[in-house]
Protein chains: 2
Amino acid sequence: MNSSWVIHFKDGNVGMKLLLGGKGANLAEMTVVGLPVPSGFTVTTDACRAYHASLRLPDGLMDDVKEGIKAIERQKAQCFGDADDPLLVSVRSGSVSSMPGMMDTILNLGLTDITVQGLAKATNNDSFAFDCYRRLIQMFGNVVFGIESIYFEKLLHQLKRELGVKQDQDMTAEGWKQLIPQFKSCIERHARKSFPQDVNEQLKLAIEAVFRSWNNHRAKVYRKINQIPDEQGTAVNIQAMVFGNLGQDCGTGVLFTRNPSTGDKHLFGEYLTNAQGEDVVAGVRTPLPIAELKKEMPQVFEQLVSIAEKLELHYRDMQDIEFTVEKGKLYMLQTRNGKRTAQAALKIGVNLVHEGIVTVEEAIQRVEISHLDQLLHPTIDPQAVLDIVAVGLPASPGAASGQAVFDADTAEQWARSGMKVILVRSETNPEDIHGVLIAEGVLTSRGGMTSHAAVIARGMGKPCVCGCEEISVDVEGKQFFAGNRTVNEGDWISIDGATGRVIVGKVPLKDADMSGELVQMLEWADGMRQLQVFANADSPEDAAKARELGAEGIGLCRTEHMFMSSQRLPIVQEMILADSSEDRQAALDKLLPMQQADFEGIFAAMAGFPVTIRLLDPPLHEFLPNLEELLGRQIRMSVLEIERTAEQEALDRLIRKVRSMHETNPMLGQRGCRLGILFPEIYEMQIEAIFRAVLRCVQKGIRVLPEIMIPLVSHANELRILRELVDEKAEQVLKGEKKNCSYKVGTMIEVPRAALTARQIAQYADFFSFGTNDLTQMTFGYSRDDAEGKFLSHYVDQKLLASNPFQVLDRDGVGQLIELAVDRGRSVKPSLKTGICGEHGGDRESIFFCHEIGLNYVSCSPYRVPLARIAAAQAKLTFGDVGQANKLIVS
Amino acid sequence: MNSSWVIHFKDGNVGMKLLLGGKGANLAEMTVVGLPVPSGFTVTTDACRAYHASLRLPDGLMDDVKEGIKAIERQKAQCFGDADDPLLVSVRSGSVSSMPGMMDTILNLGLTDITVQGLAKATNNDSFAFDCYRRLIQMFGNVVFGIESIYFEKLLHQLKRELGVKQDQDMTAEGWKQLIPQFKSCIERHARKSFPQDVNEQLKLAIEAVFRSWNNHRAKVYRKINQIPDEQGTAVNIQAMVFGNLGQDCGTGVLFTRNPSTGDKHLFGEYLTNAQGEDVVAGVRTPLPIAELKKEMPQVFEQLVSIAEKLELHYRDMQDIEFTVEKGKLYMLQTRNGKRTAQAALKIGVNLVHEGIVTVEEAIQRVEISHLDQLLHPTIDPQAVLDIVAVGLPASPGAASGQAVFDADTAEQWARSGMKVILVRSETNPEDIHGVLIAEGVLTSRGGMTSHAAVIARGMGKPCVCGCEEISVDVEGKQFFAGNRTVNEGDWISIDGATGRVIVGKVPLKDADMSGELVQMLEWADGMRQLQVFANADSPEDAAKARELGAEGIGLCRTEHMFMSSQRLPIVQEMILADSSEDRQAALDKLLPMQQADFEGIFAAMAGFPVTIRLLDPPLHEFLPNLEELLGRQIRMSVLEIERTAEQEALDRLIRKVRSMHETNPMLGQRGCRLGILFPEIYEMQIEAIFRAVLRCVQKGIRVLPEIMIPLVSHANELRILRELVDEKAEQVLKGEKKNCSYKVGTMIEVPRAALTARQIAQYADFFSFGTNDLTQMTFGYSRDDAEGKFLSHYVDQKLLASNPFQVLDRDGVGQLIELAVDRGRSVKPSLKTGICGEHGGDRESIFFCHEIGLNYVSCSPYRVPLARIAAAQAKLTFGDVGQANKLIVS
């Protein structure tokens, strides 16, 4: 049987997944290696694609299917549609990527008013035969005609009440016979069609229905979430039925070759005697642990153990196996690589290496980066009973409990007095940072996964639930509402940033720990990878955490976060609002020792490793009070008071200043190095603080490798001028010690023009750090703040864009600029150090890209460092040596 | 004399301008062709650069100078410093680019207490000799020692009073002798130095002083305005003195070979007998018309006429000549190409061609594009007496008179009733457009040359003065203040957008006319150029104007301007604020016939030429009321009223809506094709209106070439989807007529990613129109609104940037993207039509760039079309065939 639309199990193998789907390929593989698999064949995914292209089954398909059925008939010595001993088949979907439960299945196909009699005779079991028939009619009605199961269930329920029957298994054959005409007319009523009595017609309709189910709503949603391409399609597996419900020498079960929760090496699974697979799922009867099978069917159990071992060795991974025992004979219905928890995955990986089953490289390649996140943050104890009141977006993983506060100042005040707080806001803005800094976690009712709150929280490795539209926050009233619940300031709440859950009350947390297996994997990965992994860290605490998680330096230290604490902000505002340069200098003089102390702490925590410090970047008005609020206050004053007061005049002055600093598009305004050039005294202060800290550390014998980064350069001249400023200050502050302290000066490449003119810029740069967040904004012309809530999600939904370019680096556009900048920069300065910072630094695909184009490092938030280390190793294993990969074909 | 620092006039020529400066090169040229030039030599610009590098005269320079002096001595048979018949020299600056009056000159150098006696004897004219001496001391004190002339003038004035002398020329030798010691001690008092009695010392100090004057304040400012490179430096011309003030057979004068105001072909100039050059300038005596010289000194006049003819033929251009007659002998002191008005330049150019002196190509190459602007707009009658009350930035050329109004609605109302108005605002925003549309001109107190008001006004060819900080606008009080003057609503004012003048009262205007010479030049240019020239036009009137000025199509028709009139804006707001899609459709249905009528008018005006229509581009909130104002109203209501009214509730709703549409960075937000994809009904309406208009025109027999342009594309998929929408609508509306109406669909390339992925985008595009305004914003990361008032002007002042990239296209960055997009786009679709729109389309340098990289067209505001036609011809003459120029070496 070598037709184009159908492949028999014996002619396939596990390598044919794209054509046969996962289930089909594994059934073929098991058949070929000689395991007991019920005879069958697979209708290919090609057929599915052909079906969706023309919305009808392709020519010749049903002929091929009939040939396939004949082969089963020969093997089973039964006939499909036979009145005496009919062949029954299952029709199951089986997609390329695992999509459990998303698509449809029909069992017992081949039963009609006539063949059911034959089945009853052949099995000598009327009740079984008519139960099978009613199940077929129900499944067929549901899958083929789209009738909701509830209509059938109601009829069954009604009949059971009439007959006084409690459990399905207590129903007599007579009962089932009575139900069958009701089920048939249910189909006629709802679908205005009859249940077909022609078995080939049944088969044809069933195949079409499975193909159609590829595009049912839940399957589409699942594919979107799991990034499975729509073009893959599903195969259909048609297989002789075996029955686990033909008596006490029958049964069905599920088996994992290792424990999928812990990764421990022992068989793990459950079974039921005299049952079909759905009975296990339905939960009507409680299945028994697999170990019990040893007692009930010792031979079967022994065979199963041996098959499990064989399959694990054959597939070289933990297997998830489905089996059925019919009349004492074991049949394998499915095997696949088993799903497992992140922790189990690591343990299994390490053990498989130790058992000599897989190589270290394979173990690394198999690590699912996206799963690691949950291992590195505290989680809610899975045993805890939770009072969940709302679910928002899982914006930054980890769980936290604290007392609700509704503004950043209170958050800071309470936290300083030793309380744990959760900051609750409608949305956050940069002025809230000191609150975010000190809170256990953040909850907002507005804003997406990449809103300000989310980005900041992820950067700090702090739990965050955002865009939680089920709650409504009343900041003035210091409370929030969730349904009919009210949470007041001071009430305990908990959030789970990995799932988005919002919980009233305190919950028990489980601390994250670096398991021995994770440490082992990281060690292996470090031995392979070529990309260095740095962390983004803005404080000595973050720096220490980053080192603990294996960061080899700081790739981005954002000095503006140091300006945000409540003691410093007023001084920063003084500095910005100063009318004279003397006043400005006075404020800067106060800030200098504070920044110096920060840098000393960070240098000490990172002793011997590079620390990349970005000079002030955001527009100054981000540090000023909100204009709208000020205007409101002004109007209120002017409406209520008759005489102008001094307070009013001060307010007017402040408003004028704030207004004068207002910008239409602040992202593209007066920020970054533009500030440094317009107000050199600010950068001078920062540079002086850095070198004073360097000097102090050097004198203490700490090895310091400072790298000063100039942000938002768009023209080489900007870097030239500011580099001169750095060199001058270094000379001034370090004096004789300069020879003992080598520093670097470089720039963020985050403006398209900087990438395009990399040749000129590289002349003045020791390193390029690609600020992929801003570079993405400007290359696409997307304001992240505005895009994500609005058109961007629509674009991703409608597949205009393959993914959100702020999450996955856009290779075609942004990536092209990065590659071009690296090539041009190095052509001028071969020693140029290159890397990326920003959130892409912690994304697997983006890390792969960085490896491919030969960057030196990636920098990401401390909690993503372990995952970046493994991704970097995977990139090396996938693409070979850094820069040896085929170059992107630029578009 | 072939040393390195000094070149004698007889060894130079006009080709050596870079080394000798303009004046030196021309003196050399005249010497070489045998004209009577006083003997002399030039200290080269190399010496000047060497001086500025080390801040002292280079080694060997003074030796070379002394050699040069010797050559003059030989020729004049006089000796420098000789006690009996001393050689006197002038020391004059002479830069490469003409910088009239910007640098310093010293005459009569070589006089000392001793040599002045010799001069008196040799000329037999005591009064002349001592007058010369005191002039030297004064000039020397001023130029070398930096003493302000006023101190010397005061002493002279005092002495004249004491002696009862009215005019300088009435002063006796005794008087001058009395003044000289006073002048000397003036120098000693102010500079603590003595006037040197060593003539070589005089010479050395004078040369240094001229070199120094290269960097005096006014010279630097002049260079900046005229974009003259600082590295050029000035030469110094040292030349034997000739005296026009030795008696009635002496004189001095200035001569133009043609009339510099009108271009008419007749000698034009003035002279004074018995005078030195400065006397002409000082205006103490009134010079005589040059024709008079024919009577007074017929031979000299005849010689002058013949020299003038010879020089014009030699230089092949109108000459500006300085001459002196000493004792009946004519000396040429300078010749250069004469400055002229724009009108004269054209007439001279055309005449020189007709006279066979220059070729058509040369005439075209000589047209100064920047001068043409004034020819195409109305101007204030130069004879008029003006009450100028302030001067602002000359933001959009042309002059206008009208009654002052302070808001757009009043502007529209008054204008509709037949009045002429000038719209006065602190600054304008898009909501004011209907006012700008209908006003004679616009005056603002804030905002730079590229502020919103300026850009819009230039686009419409409407006079605009902006950033006029001398006036303060009180919009509420409907008045503005300028010094102690108050202008109320309804008062007549006038503005001159070419000079920035603000005038109280109505002034007589001179209409622009396309002179015969301009028409001739344009005809010649059209015969040469390869770039097509289109216009940006948004209305039938603009389209007609554009045709009149020679536009070969519309390159940019901005449909949003059609939404701005006061009848339409409420409907547009209805559309935006609609709560249901039915309400939105209802509003759109009202807009459709209006847009259709606009398009019909434009198509008719452009019959036979392409019309590129850009679908809606700006963010929708630009059409909504100002949030700040609404909030103010809300607070006022809530403070004053006790019960909530329906009005209050409506306001709350409106605020919620406006707030929900607020964007942090609207430039990068929900606009352009993103709107078209999110709210397809808006684009559908626009496309339908276009094709209905097309159909109507086709039925009337008008040839229509519509080109529909999709704005802000950053991914090929956006264009793919919207192109499908256009094709669908075309099919629907045109039906059978589709074959008679070919249309194009293309995109603006204004997002860096679009340029980078041009290959993909070109698949769906018939044309690329580079939106260089936005492309510049995103490539640089500059928000134009925020940059120009703030850091950008600082950047240009500090030479961080060579020029404002919004005025002159940035070749290195933005240009690189454009070139790359053109190459990649054409590699996929060789027929791809390419051009630029935006303000760069009317800038000469940018037009040159467009020609070089082989674009098909430029599009600019109608009033810049003629100038673009000539610039395009110049580009062809400069670079040869389109696309044949050497490719940019991308950086």
Side-chain angles (χ1 to χ4, degrees), chain A residues 619 627-628 631-632 634-636 639-640 662-670 672 674-675 677-678 712 714-715 717-718 721 750-754 756-760 774 777-787 790-791 794-795 798-801 810 812-814 816-817 820 824 890-891, chain B residues 619 627-628 631-632 634-636 639-640 663-670 672 674-675 677-678 712 714-715 717-718 720-721 750-754 756-760 774 777-787 790-791 794-795 798-801 810 812-814 816-817 820 824 890-891:
Chain A
L627 180 61
E628 208 178 278
L631 287 172
Q634 187 187 40
I635 293 172
R636 267 185 220 102
V639 171
L640 294 177
H662 173 79
E663 295 188 304
T664 315
N665 299 288
M667 217 268 295
L668 305 182
Q670 191 157 310
R674 297 164 197 172
L675 284 177
I677 284 173
L678 254 77
L712 212 74
S714 61
H715 194 290
N717 284 342
E718 295 172 315
I721 288 175
E750 52 189 334
V751 173
R753 195 180 186 282
L756 292 165
T757 60
R759 248 193 284 273
Q760 289 95 311
D774 274 359
Q777 296 201 80
M778 294 182 214
T779 304
F780 272 89
Y782 288 171
S783 164
R784 186 169 181 172
D785 289 331
D786 304 309
K790 298 187 171 172
F791 58 86
H794 179 84
Y795 272 26
Q798 299 300 307
K799 307 236 169 74
L800 263 154
L801 294 176
D810 160 55
D812 286 352
V814 180
Q816 188 185 148
L817 277 180
L820 164 159
R824 290 181 183 179
V890 291
S891 41
Chain B
L627 179 61
E628 208 177 276
L631 288 171
Q634 187 186 38
I635 293 172
R636 265 184 221 103
V639 171
L640 294 179
E663 294 188 305
T664 315
N665 299 289
M667 216 267 294
L668 306 182
Q670 191 157 309
R674 299 165 196 173
L675 284 178
I677 285 173
L678 254 76
L712 213 72
S714 61
H715 194 290
N717 283 343
E718 295 171 316
R720 178 176 54 72
I721 288 175
E750 51 189 333
V751 172
R753 196 179 185 283
L756 292 165
T757 59
R759 247 193 285 272
Q760 288 94 311
D774 275 358
Q777 295 200 85
M778 294 183 212
T779 304
F780 272 89
Y782 288 171
S783 163
R784 186 170 181 171
D785 288 331
D786 304 308
K790 299 187 172 175
F791 59 88
H794 179 84
Y795 272 26
Q798 298 300 307
K799 306 235 168 77
L800 264 155
L801 293 176
D810 161 55
D812 286 350
V814 181
Q816 189 186 145
L817 276 180
L820 164 160
R824 292 181 181 178
V890 290
S891 39

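Labels below follow one simple rule: chain letters A, B, ... track the order of the sequence lines, proteins then strands, and each chain is numbered from 1.
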### Task
Verify, without hydrogens or angle tests, whether B:N665 (side chain) and A:S783 (backbone) share a donor-acceptor contact under 3.5 angstrom.
no
### Query
Can you check whether B:H715's main-chain N or O pairs, donor with acceptor, with B:Q760's side chain at less than 3.5 Å?
no
### Query
Most heavy-atom pairs under 4.5 angstrom with chain A, which of B:L631, B:L712, B:N717, B:L675?
B:N717
### Task
Determine the option with the most heavy-atom pairs under 4.5 angstrom with chain A, choosing from B:G781, B:S714, B:G669, B:A754.
B:G781
### chain B interface, residue from A:L817, A:L678, A:T779, A:D774 that has the most non-hydrogen pairs under 4.5 Å
A:T779
### Task
Report the option among A:V814, A:L627, A:I721, A:T664 that has the most heavy-atom pairs separated by less than 4.5 Å from atoms of chain B.
A:T664
### Query
Salt bridge check: are A:R753 and B:D810 linked by an N-O gap of less than 4.0 Å?
yes
### Task
With the side chain counted from C-beta on, respond yes when B:Y795 and B:L801 share a heavy-atom pair under 4.5 Å apart, and no when they do not.
yes
